[in-house]
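In listed order, ligands and their atoms are each counted from 1. Side chains included, hydrogens not; waters and symmetry mates left out as well; all remaining heavy atoms used. Predicted model, so just to flag it, every value in this text is computed and none were measured.
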Amino acid sequence: MSETGASSAFEDAFHRAAERHERAWVFLAVAMLTLLLAGTMFIVVYAYEIVVRTDGFRRDPAALEAPEGSIVKTGPNAYTVTMVARLWRWSPSPLRIPKGATVTFRVTSADVLHGFAIQGTTVNVTAVPGITGSVTYTFNRPGTFNIICNEYCGLEHQGMLGRIVVAGDPA
Ligand code: CUA
């Protein structure tokens, strides 16, 4: 068995070419995955507004001083709403606000754990007795938004609905 110089040179060239192709395809695959990841994150954050501004949770025994919750105007079109969950309703509800209102919700519970989620938005805060969870959201679309409870809280959990009515432009 004898290996000629010509066939060995051919094999070297073949391996070099194969390696070049392999590197190119690995690079292409990694680039495509990176692009897919970046694109997905971009869409999730910007198109679906998945990221909302939360101000965290704090211990707040005074949150229940107004058991029916409260609405306080804090600016030209800004409000702070103390939203109280209890078996099995939300107050204040219906909450009426103008279009474009920026609302800081201070969410708490009068009894057990509830979940404060506003359908069609990304607002989602757990309502904890003795604790206030804050989230700020701007209602740029007029319409009626359902508040749904998304923590199982007993027999009527599935019926624990509230409403936020966002008025259209003033005439
Ligand atoms: Cu309240 Cu489920």
Participant: Taking atom types as modelled, is there a side-chain donor on T108 or T132 under 3.5 Å from an acceptor on the other?
Facilitator: no
Participant: Keeping waters out of it, list the protein N, O or S atoms under 2.8 Å from atom 2 (Cu) of ligand 1.
Facilitator: C149 SG, E151 O, C153 SG, H157 ND1
Participant: Side chains of T104 and T80: any donor to acceptor distance under 3.5 Å?
Facilitator: no
Participant: Is there side-chain contact between P92 and E68, with heavy atoms separated by less than 4.5 Å?
Facilitator: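 Of all side-chain heavy-atom pairs linking E68 with P92, none is under 4.5 Å.
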Participant: Between F145 and F139, what is the ring plane arrangement, given parallel below 30°, perpendicular above 60°, and tilted in between?
Facilitator: perpendicular
Participant: Is the closest side-chain donor-acceptor distance between T82 and R106 under 3.5 Å?
Facilitator: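 Judged by distance alone, the side chains do pair up.
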Participant: Just wondering, do V103 and I97 contact through their side chains at under 4.5 Å, heavy atoms?
Facilitator: yes
